Structures are given as C-alpha cells and as structure tokens.
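One structure below.
Because the structure is a prediction, the values reported are computed rather than measured. Heads up: numbering here begins at 1 and tracks the sequence.
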Amino acid sequence: MISVFTEIPGLLVATWVLLGLAIYAGYKQNWQLRSVAADGGYLSGLGFESEKPTGLFRWLTTVDHKDIGILYIVFASGAALWGATDAMMIRTELFTAGTDVWSAETYNALFTTHGFTMLFFFVTPAFTGLANYFIPLLVGADDMSFPRINAIAFWLLPPAFFMVRAGLITEVMGKMLAAVGIRWELLFSLRPPTTGWTLYAPRSILITNPQVDLVLLGLHLSGLATIMASINIIVTLFTERDEGVTWGNLDIFSWTMLTTSGIVLFAFPVLGSSLLMLITDRNFGTTFFAVEGGGPILWQHLFWFFGHPEVYILFLPAAGLVSLILPKFAGRKLFGFKFIVYSTLAIGVLSFGVWAHHMFTTGIDPRLRASFMAVTLAIAIPSAVKTFNWMATLWGGSLRLTAPLIFCIGGIMTFIIGGVTGVFLASIPVDVVLHGTYYVVGHFHFIVMGVITFAAFAASYYWFPLITGRMFNRRLGRIHGYLSIVGVFVTFLPMILIGYGGLPRRSASYPEAFEILQQVSSFGAVIIGVGTLIWLTNMVQSFRLGPIVTDADVWNLRETGQFTREWQWFEKQLEDRTKFRR
C-alpha cells in the first residue's frame with residue numbers, strides 16, 4: 001500500500017512540472033514561430049503557404065482549433081445519442097417489475113456502459129470542444145498553444161471509445177457474420193462489461209470477461225486525452241491572451257474552463273494510476289485491491305478521489321455557459337461577476353475534500369465521516385452563490401424566451417432540485433438510509449441531465465449561427481426546451497420518491513408496488529427522447545437548409561453592450577466573405 005500512495009503524488013508532480021514547462025515555453029517564445037496558423041494552413045517563418053485540404057482529408061489532418069472543436073462536438077453528440085439509447089433500453093426493462101425484456105446480465109451491462117459513455121465520452125468532450133472553438137476567439141488568440149497536441153488529444157478519444165464499447169460492437173459483428181453462415185468465435189469472446197461504472201473491487205477483478213481489460217485501457221486512454229486537452233487550455237489562457245484581455249476582464253466561460261482544467265490535472269492522474277493497478281491485479285497477480293494488499297476499500301478511496309472532482313469537471317463548464325449565455329437574453333450584465341469567479345475557484349479547491357461522502361456506509365472512522373460531511377455541506381455555499389447570482393441577473397431583466405434562455409432557466413430549476421437533494425445526502429444519518437437507493441440516481445441526474453446537458457443544449461443553440469453560418473428553427477428550439485424541462489422532472493422526481501420508499505438501485509427487477517412510479521419515469525424518458533430527436537432534426541436540417549446569416553448580431557446583443565469577441569470575430573468573417581463575393 002505504501003508504494004501506491006508514493007506513486008500517485010509522483011504522477012501529480014510530474015504532470016504539474018510538465019504544465020509549468022509548457023507555460024514557461026509559451027512565455028519564452030511568445031509563439032513567434034507559431035506551429036500552425038488559425039486557419040491551419042501555414043507555418044509562419046518557414047517561407048511557404050498552403051490552403052486547407054478539402055473533404056475527409058481535411059478533418060483527418062486538421063490542427064485548426066475550430067475544426068478540432070467541431071470534431072469534439074460531433075463526437076460527443078454521437079456518444080450522447082448512443083448513451084441515450086442505453087438509457088432508453090434501461091427504462092424499457094424497468095417499465096415492468098419483472099425481468100421481461102433484457103436479461104439481468106444485459107441490464108447490468110447497459111447501466112455500466114451508459115455511465116462510461118455519458119461521463120467520459122459525452123459531457124467532457126462536448127465542453128472541451130466548445131472550449132477549443134471559442135476560447136481562442138474569446139481571448140483574442142490565433143489558436144490553441146499546442147495545435148498538434150490538440151489534434152492528438154482528440155484522436156485518442158475514438159479508439160478509447162471503441163475499446164470501452166468493444167464488447168457490444170464485436171458481438172453485433174459476430175451475429176451478423178453468423179447470420180450468413182460465418183462463425184468467428186473470437187468476436188464472441190468479448191462481452192459487454194457488467195462491473196458497474198464505478199468498477200468496484202473485488203467484482204471488477206474477479207470477472208473473467210476480457211472486455212473489462214479493454215474498458216480499463218480505454219478509460220486510461222481517454223484520461224490521457226483529457227489531461228492533454230486541459231494542459232493546452234491552461235497554457236493558452238496564460239500565454240495567448242490578447243493585450244486587452246486581463247484576468248480582471250476574462251470571460252466567465254474561460255474562468256470555469258481554467259478551473260476545470262486545473263481539477264483535471266489533479267484528478268485524472270489518480271484515476272489513471274488506479275486503472276493501471278486494477279489491470280495488474282486482474283492480469284499479473286498483484287494485490288493492490290485484494291484483502292491481503294490494500295483492500296477493496298482502497299479502490300473506493302482512489303476512485304472517488306477522482307470521481308467527485310469529476311462531478312465538478314462536468315458541472316463547472318456548464319455553470320460557465322449559463323453565466324455567459326443567460327445575461328445575453330436577460331438584457332443586463334451578469335450580477336456579481338467577481339463572486340461567481342471566486343465561487344468557481346472555491347469549488348475547484350473544495351472538490352478534493354468531499355470524496356468520502358460516497359463511502360459513509362463503508363464503516364470508515366466516524367471522525368472522518370464528520371469532517372467529510374462538513375466539507376460537503378460547505379461546498380454547497382459557492383454553488384448557492386452561483387444560483388443566487390443567476391436569479392439576481394434575471395430579476396428586473398428584459399427577458400427574451402429564446403431557446404438558449406429557456407434551457408438556462410430550466411438548468412437553474414433542475415440545479416436547485418439536484419443541489420438541495422444533494423445537501424440531504426451530505427448528512428450522514430440520511431445518507432446511510434438513502435445511499436443505495438433510487439434517491440441517489442434521481443439526485444445525480446437532476447444535475448447531469450438537468451443543468452449540465454441543458455447548458456450544452458443552450459450553447460448549441462446560442463452559437464449555432466456562428467459555427468454554421470445558418471439559423472435554426474426557433475420555434476422547434478423552444479418546443480425542445482419546454483419538452484426537456486418537463487421530461488426531466490417527470491423522469492427523475494419519481495426516482496426521488498422511489499428512493500424514499502427504499503427501492504435499491506442497479507436491479508433489473510423490483511417489487512410491483514413501485515411499478516406505477518417506474519412507468520411514470522419511463523414515460524418521462526420518452527418525453528426527453530422526443531425532445532432530443534427534435535433537437536437533432538433541427539440541427540441537421542438547419543445546417544443543410546437553414547436561412548443564411550447575413551447580420552452577425554443575430555441575438556441583438558449590441559443593444560445591451562454584450563456583442564462579445566466571438567461575435568465580433570464572426571462579423572469580420574461575414575464582412576470578408578461579402579468583400580470576396582464582390
């Protein structure tokens with residue numbers, strides 16, 4: 001066990017040393033020999049120029065931050081739809097009390113891959129994509145500091161995703177070949193993992209399915225990609241800001257991405273080292289998480305030391321987007337900007353002091369439990385500051401109920417429910433009763449499906465004209481917003497009630513007394529699904545046939561003095577295109 005705790009600080013130190021060297025390099029060179037220009041087409045100082053390639057080759061070789069941002073967003077959207085399919089299959093099974101549609105093993109695999117997909121391959125890549133596209137525009141930089149590393153960080157994600165979901169992919173391929181008379185046993189050797197997304201030992205060690213090893217390697221690879229992207233964001237914000245962009249007037253989205261990236265540099269090395277130790281336990285006979293070694297509880301400590309900061313890695317970018325977008329449609333500037341920045345930094349620090357509230361039922365020392373309860377209650381304060389400031393921004397404002405604002409307001413509503421239910425779980429006596437129940441599922445999804453996903457939808461509508469040069473169907477956008485808000489409450493409020501009734505989570509069957517509430521929850525999931533299909537249709541059709549944007553001020557932001565840098569950049573692009581056509 002001693003070697004475990006000496007290895008992790010070493011990884012953290014190495015990560016931060018590399019970050020320091022990267023920032024120093026940025027200041028030293030000032031990127032006079034910038035690797036790749038903003039258009040991805042030339043290397044300054046080397047005496048030649050070239051246009052971007054076209055077609056598929058462009059997307060496979062691009063190092064332009066905007067192209068890479070789009071790749072991230074498209075990848076995250078595809079992963080989200082796949083993860084949502086898992087969720088709909090879960091709700092289909094839970095529509096009746098018995099195990100009628102899928103087997104118990106298939107159900108376990110579904111909620112395992114659903115968790116992996118949504119946390120590691122949807123939310124984080126989606127916000128990383130938005131950061132890639134817009135942070136250089138917001139701070140006046142030509143590109144991210146390390147364009148090639150930026151591209152590498154993205155291209156590590158598709159193979160990582162393939163490895164995590166390989167069990168299902170190979171099974172489908174095997175059955176398709178078997179249908180035409182070709183039986184390839186290798187394709188049936190991998191089965192979807194049934195460990196649960198928390199990978200608790202000893203179950204994750206004892207399962208003989210080789211797909212679990214691929215999952216561990218895939219998650220490790222995605223962690224490396226996330227660390228690379230985070231270092232790039234930090235260095236860009238430290239070294240690439242325009243002279244007029246100071247720490248005092250840096251936009252709130254950049255502040256939240258900076259804090260998020262800092263959390264990543266502390267949290268993900270711990271996850272990576274833990275995954276490697278789990279792999280060696282499975283394959284080489286080590287005993288990091290065996291009873292005679294560190295014990296299964298050691299895995300929980302290491303996993304949740306990453307796992308709870310991960311919640312804020314997901315939440316903080318969403319909070320930054322709400323703080324950025326909401327004032328634009330409230331007709332006034334963000335209330336208490338400095339306090340939101342300070343609350344963001346406070347959450348970044350406090351997030352590493354709450355991990356053991358996931359372990360109140362494991363029998364840890366009561367004095368430790370009390371300290372973690374205190375910090376968990378304390379971290380609710382900066383979160384409440386954000387909520388208060390959002391509501392104060394809306395108060396007295398001239399609200400325009402566009403799709404982005406509908407999702408921002410819906411996100412505040414769901415965040416209040418998710419946050420308050422989380423405060424209850426911070427209390428040790430309450431958590432001991434509710435920890436393993438559907439109450440936790442409802443609480444968590446009010447945050448993840450509520451404010452986090454809602455912020456991503458708000459950003460997709462808000463910046464859609466800038467990214468595509470076309471306008472989406474505004475009425476469909478509003479319908480999507482209202483359906484999503486209703487769907488989240490109909491889906492997850494019953495889970496809160498089911499949890500109060502004591503129903504354990506992670507089971508394909510349950511007593512018939514809970515069937516009506518489970519059916520209401522499944523109906524809510526259908527509402528969310530219909531809304532998501534409307535969003536997808538709106539995005540695709542608007543990209544193809546939507547009205548072409550001719551005025552960059554599509555949201556009338558000049559009236560309130562909020563025509564910010566990215567829209568100014570877009571205006572210049574439109575002017576250049578007009579000149580070119582002439």
Side-chain angles (χ1 to χ4, degrees), residues 38-40 52 54 58-59 62-81 122-123 125-144 147 150-151 154 229 233 251 253-254 257 317-318 320-321 324-325 328-329 402-405 407-408 453-474 476-477 480 532 534-557 562-578:
D39 64 359
K52 271 187 181 181
T54 58
R58 167 192 171 182
W59 296 103
T62 183
V63 290
D64 179 5
H65 71 97
K66 296 185 292 297
D67 288 349
I68 293 173
I70 292 172
L71 287 172
Y72 267 113
I73 293 168
V74 171
F75 171 83
S77 300
L81 293 174
F122 160 45
V123 180
F127 291 143
T128 303
L130 292 173
N132 264 278
Y133 199 106
F134 290 103
I135 282 181
L137 303 182
L138 290 167
V139 302
D142 291 333
D143 206 316
M144 301 295 283
N150 201 25
F154 169 76
I233 290 170
D251 67 279
F253 179 60
S254 296
M257 288 307 304
L321 288 172
L324 181 76
I325 297 171
K328 305 294 193 295
F329 301 96
T402 59
L405 183 61
F407 274 105
C408 287
T453 304
F454 281 11
F457 280 136
S460 72
Y461 286 116
Y462 176 62
W463 279 318
F464 182 85
L466 187 152
I467 294 175
T468 65
R470 294 180 179 269
M471 196 63 195
F472 60 87
N473 186 307
R474 299 185 188 225
L476 285 181
H480 173 214
T532 303
I534 290 174
W535 168 81
L536 183 63
T537 302
N538 197 358
M539 294 293 101
V540 173
Q541 286 298 97
S542 298
F543 175 74
R544 294 177 59 246
L545 305 170
I548 295 175
V549 175
T550 56
D551 181 3
D553 193 12
V554 293
W555 301 117
N556 298 321
L557 300 180
Q562 299 187 79
F563 193 67
T564 45
R565 280 177 172 266
E566 78 276 25
W567 294 105
Q568 294 169 19
W569 171 87
F570 182 48
E571 184 175 52
K572 187 175 183 304
Q573 298 300 306
L574 292 181
E575 291 174 354
D576 291 343
R577 291 174 195 170
T578 303

Is Thr532 close to Leu81 at the side-chain level, that is, under 4.5 Å between some pair of heavy atoms?
yes
So, do Val139 and Ser254 sit near enough that their side-chain heavy atoms are less than 4.5 Å apart?
yes
Compare every heavy atom of Trp555 with every heavy atom of Tyr462, then report the nearest pair and how far apart it is.
O-NE1, 3.0 Å
Identify the heavy atoms of Ile68 and Pro147 that sit nearest to each other, and give their distance.
CD1-O, 4.1 Å
Are the side chain of Asn538 and the backbone N or O of Asn473 linked by a donor-acceptor pair below 3.5 Å?
yes
Would a 4.5 Å heavy-atom cut-off, applied to side chains only, mark Leu137 and Phe570 as touching?
no
At what distance, to the nearest 0.5 angstrom, does CZ of Phe127 lie from CD1 of Ile73?
11.0 Å
Just how far is it from atom CG of Leu71 to atom NZ of Lys66, taken to the nearest 0.5 Å?
13.0 Å
Nearest 0.5 Å, what's the CD1-CZ distance between Ile135 and Phe253?
5.5 Å
Are any non-hydrogen side-chain atoms of Asp64 and Asp143 less than 4.5 angstrom apart?
yes
Chi angles and distances behind the side-chain contact (heavy atoms from CB on, under 4.5 Å) call for Val554, Trp567:
CA-CA 9 Å; Val554 293; Trp567 294 105; 3.9 Å; yes
Between Ala459 and Leu130, which heavy-atom pair has the shortest distance, and what is it?
CB-CD1, 3.8 Å
Mind listing the closest non-hydrogen atom pair of Ala229 and Thr128 along with its distance?
CB-CG2, 3.8 Å
Stepwise, does the side-chain contact (heavy atoms from CB on, under 4.5 Å) test hold for Tyr133 with Trp463?
CA-CA 10 Å; Tyr133 199 106; Trp463 279 318; over 6 Å; no
In Å and rounded to the nearest 0.5 Å, what is the CD to CG distance from Gln562 to Asp553?
11.0 Å
When the ring planes of Phe457 and Phe407 are compared, do they come out parallel, tilted or perpendicular, using 30° and 60° as the limits?
tilted
Of all heavy-atom pairs linking Leu574 and Ala552, the shortest is CD1-N, 3.6 Å
Can you check side-chain contact (heavy atoms from CB on, under 4.5 Å) on Thr453 and Phe122, steps first, answer last?
CA-CA 10 Å; Thr453 304; Phe122 160 45; 4.0 Å; yes
Stepwise side chain to side chain donor-acceptor pair (under 3.5 Å) check, Gln568 with Arg565
CA-CA 5 Å; Gln568 294 169 19; Arg565 280 177 172 266; 6.0 Å; no
Does Trp535 reach the main-chain N or O of His480 with its side chain, forming a donor-acceptor pair under 3.5 Å?
no
Test salt bridge (charged side-chain N to carboxylate O under 4.0 Å, His left out) applied to Arg474 - qualifying residues, sequence neighbours left out
none
From CG (Asp251) to CD (Glu566), nearest 0.5 Å
8.0 Å
Minimal non-hydrogen separation, Tyr72 against Gly129, with atom names
CB-CA, 3.3 Å
For residues Lys328 and Phe563, determine if any side-chain heavy atom of one lies less than 4.5 Å from a side-chain heavy atom of the other.
no
Between atom CD1 of Ile70 and atom CG of Asn132, what is the distance when rounded to the nearest 0.5 Å?
11.0 Å
Among Thr564, Leu324, Ile467, find the residue that satisfies the side-chain contact (heavy atoms from CB on, under 4.5 Å) test when tested with Phe134.
Ile467
